[in-house]
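Fair warning: this is a prediction, and the values are worked out from it, not measured in the lab. Note on naming: letters A, B, ... go to the chains in the order of the sequence lines (proteins, then strands), and numbering restarts at 1 for each one.
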Amino acid sequence: MNNDTQTSPPRTDEPMAQIKPKLSNKERMKIPRHPMPEQNPLERARNFFEVPLGYTPEMAMEEAERCLLCKKAKCVEGCPVNVQIPDFIEHVAAGNFSLAAQALKQMNALPAVCGRVCPQEDQCESLCVIGAKVEPVAVGRLERFVADWERANPANGGTGSKVKIPELPPPTGKKVAIIGAGPAGLTCAGDLAKRGHAVTIFEALHKPGGVLVYGIPEFRLPKQIVEAEVQYLEKLGVQIKCDFVVGMTRTIDELMNEDGYDAVFIGTGAGLPYFMGLPGENLNGVYSANEFLTRVNLMKGFEFPNHADTPVPMAKHVVVVGGGNTAMDAARTALRLPWTEKVYIVYRRSHVEMPARKEEIHHGEQEGIEFLLLTNPTRFLGKDGWLNGVECQKMELGEPDASGRRKPVAIPGSEFTLEAEAVIIAVGNGSNPLINKTTPGLSVTKYGNIIADESGKTSREGVWAGGDIVIGAATVIKAMGAGKSAAKAIDEFVTGKKQ
Amino acid sequence: MSALSAIQLLAHKLEREGQTNITSYGDSVFRILEKNDLAAKVFRYVIEAPDVAKKAKAGQFVILRLYNDGERIPITLADWNVAKGTITLYVQAIGKTTIMMSMMKAGDALADVVGPLGIPSHVEKGKTLVALGGGFGIAAIHPIVRAHKLIGNKTISIIGARTKELMLMENEMRAISDDVRIATDDGSYGTKGFVTTVLKSMLENRELMDVVLAIGPVVMMKAVADLTRSYGVQTLVSLNPIMMDGTGMCGACRVVVGDKLQFACVDGPEFDAHKVDFELLVARQKMYSPQEKISMELFNKICEAQEHRETAAW
Ligand SMILES: Cc1cc2nc3c(=O)[nH]c(=O)nc-3n(C[C@H](O)[C@H](O)[C@H](O)COP(=O)(O)OP(=O)(O)OC[C@H]3O[C@@H](n4cnc5c(N)ncnc54)[C@H](O)[C@@H]3O)c2cc1C
Ligand SMILES: Cc1cc2nc3c(=O)[nH]c(=O)nc-3n(C[C@H](O)[C@H](O)[C@H](O)COP(=O)(O)OP(=O)(O)OC[C@H]3O[C@@H](n4cnc5c(N)ncnc54)[C@H](O)[C@@H]3O)c2cc1C
Ligand code: SF4
Ligand code: FES
């Protein structure tokens, strides 16, 4: 029997399309924001399945009814890639999910990813007009719903292939090299392929996806979603060469001068882990968040030793240092390993200053992670080379610093010790210098970030850059936005270029 | 073990589909073209990896993965052939991954080979080099000694083994060294003792040398560093901490050299031996020892079960 007919859900293009009585704004605002169905906290704290389960079509339509469909929509201004939010929500409300998907995908190539990981509370939802009186429209959840619906329902009836492949223009004969298969590189590659250029992505690791596969864990972003996006790019004709470190396997000059690439996009991310320089930091048991997360996610260490060979730390007590998404992911991942009993987050500022997505902090609290706020580690303690504890110090907030946030100041005599066999340092990432060192004439800042203009154009002719490597550790959507602008500029460059 | 390769065996056990050693992205196939069983559990592999071969330099390494659920392990580039698009590796079978690799055959393919990684060895004209290698370290010093020889430097290689039969690469080393000195633990060939015994007498006899290079087990590299320190001879070692990505992304490979934190995969692997914190390196190499043991025990069980099954089938 044909596999496709077994696994694909029935083809239901517009299952719910219907005409509804128009609601007044007042009536719309009376509908409460629809909560997201989620796995029970205590159960999920022990498994790697996705935490939020997603809206049903009924829930999505009901939530979409809350949107006032503003003419000058504030939410759109908050979206780094200007998704036409009221347009797609209007289609959801009417049950026209495939039209909603089309509207959404016009500006955002990876809605299934963004619907899950964007900090909507700081972007679209923070500006939603109804947010002043009631809770804002759940734009992110609707985005996720539409993207998931589209993946499950082939948009043009093709068997097996879940998404419609746009008709490609004839090949232009131009070759573009994309360095790094993170969200910046993937977006740039897709846009260029759709314009008929021959695109090759060079990725250092053995799997494409960047932070989406090695950093963000399965329970927040199922890897199958990223794989589907990558397969879509391959269908567009994009070549993906993994196990290829630009700077080592080939330099940018070799790609352009010897291998015939007409332009290059650098999307290598912020992949250099910072350590704290504290005593005891090299004890066995102290890990960078990158090492820990890569072992568990990319190398599937959560299945060690039965289904994966890469070992992961086996600790009962885990202390994670930091307050961003990386720290939340590390803490919640550690909690899910079968041998872990207790996980602490140690963060030197207070709750409101934590840069992580609010939802992740909330989920972490629900799952039983203990947050030690206004607390900072002072040294790592150990015996015979192995970590057995962390000495911490309480902090208080003083005068605002350069970032405008109140500066944490140590309280003398407040030291205390936490028992721990593993510490995960998640205090930020810098830029990897491999490309800078091997690309003469490429201007970088003193922190090693590549200097680029609005379109991503660098100091080197024919070389663009975008994402975390340019702006420092930021967000998925900003990286995608940068990939998109660069694709436009690269297209103009290679097509206008004289032979 | 017979017909089944180790990889197929694991796939079989884990009830996964065959296909495990084919990488799903791109068209690269890292096929093993030749495999030789040398002494002392060391195996020599010639592997198809044209991109790596094209750029390889003495002192660099690759990271490889056997199959889709395998771990990433670093192995030094012992040789390469640009025209044939091949690289040569010498791998000592000491744990789960390297033993599994030793069960692979010519014709099998690795899932991944990435490189060349690390900074090439510092090779300067007009120097007399004394290179010491133990175990797979002999394979690691080979391309560096050759690079010195090629620019006209005088090269003296000191290679060692437990006993005569286990000596690796003697002929290869003779071909590129002005002088090869041998040490065996039992005295069955050359000097009785370690490679450091030979070096010690050379230093005491004030033999001329500008650079000493040592690659092998950490105890050996540390012993060399301690010996040459008082003579003030420049000494280089290639460090082998635990690595994962090999591109500076994880910090697993961090070592301390001259009080500075360094990532061996991108800042090394070669460092000034007199500044290396060897104690830290020894401790950090044991980071995953308990897990490595679990992994090995499980693998042994799987192999035994498979042997039983095969015997039963007869
Ligand atoms: C744990 C974690 C959680 C996060 N959570 C969120 C979140 O919830 N929401 C959000 O919006 N953002 C989040 N972020 C931030 C977000 O993931 C990044 O901003 C985004 O991935 C940056 O995309 P990028 O394409 O610039 O780089 P990356 O995603 O870092 O991808 C870069 C790619 O380039 C490859 N590469 C590097 N050097 C080379 C080279 N020399 N040759 C070839 N390939 C190379 C890398 O291997 C990698 O695959 C998180 C980050 C982390 C680490
Ligand atoms: C730069 C470099 C070059 C190397 N070159 C060679 C070589 O040419 N030939 C050779 O035989 N070996 C080489 N090694 C060592 C080799 O990587 C390890 O022997 C191998 O990883 C062991 O894996 P395993 O699963 O078989 O053994 P395990 O049982 O997992 O480990 C045995 C020991 O090997 C070391 N080890 C384990 N995993 C890693 C890892 N991911 N990275 C580094 N070390 C690890 C640890 O010290 C461990 O205690 C090199 C190591 C480095 C860092
Ligand atoms: S601002 Fe809010 S109500 Fe207005 S269109 Fe956007 S989501 Fe709808
Ligand atoms: S191996 Fe990860 S930084 Fe060196």
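With a 4.5 Å cut-off on non-hydrogen atoms, A:S431 does not touch chain B at all. Of the atoms belonging to A:Y214, it is side-chain heavy atoms, and not backbone ones, that fall under 4.5 Å from chain B. Neither the backbone nor the side chain of A:L293 comes within contact range of chain B; no heavy atoms are under 4.5 Å apart.
If you take CE on A:M314 and CD1 on B:I294, they are separated by 4.0 Å, rounding to the nearest 0.5 Å. To the nearest 0.5 Å, atoms CZ (B:R72) and NE2 (A:H206) are separated by 6.0 Å. Here the straight-line distance linking atom CD of A:E291 with atom CZ of B:R254 works out to 7.0 Å at 0.5 Å rounding. The CG atom of A:D243 sits 5.0 Å away from the CZ atom of B:F30 when rounded to the nearest 0.5 Å. One distance of note links CD1 of B:I73 with OG1 of A:T310; it measures 10.5 Å at 0.5 Å rounding. Within the model, atoms CE of B:M249 and CG of A:L205 stand 5.0 Å from one another, a figure rounded to the nearest 0.5 Å.
The aromatic rings of B:F263 and A:F275 sit perpendicular, their planes meeting at an angle over 60°, well past the 30° parallel limit.
In terms of heavy-atom pairs under 4.5 Å with chain A, the best-connected choice from B:V282, B:D245, B:L280 is B:L280.
When side chains are defined from C-beta on, B:V256 counts as touching A:N282, because their heavy atoms get closer than 4.5 Å. The shortest side-chain heavy-atom distance between B:F299 and A:D309 does not fall under the 4.5 Å cut-off.
Taking the salt bridge (Lys or Arg N to Asp or Glu O under 4.0 Å) definition, one finds that B:D267 meets it with nothing, sequence neighbours left out. Under the rule for a side-chain hydrogen bond (donor to acceptor under 3.5 Å, both in side chains), the partners of A:E421 that lie at least two apart in sequence or sit in another chain are A:H317.
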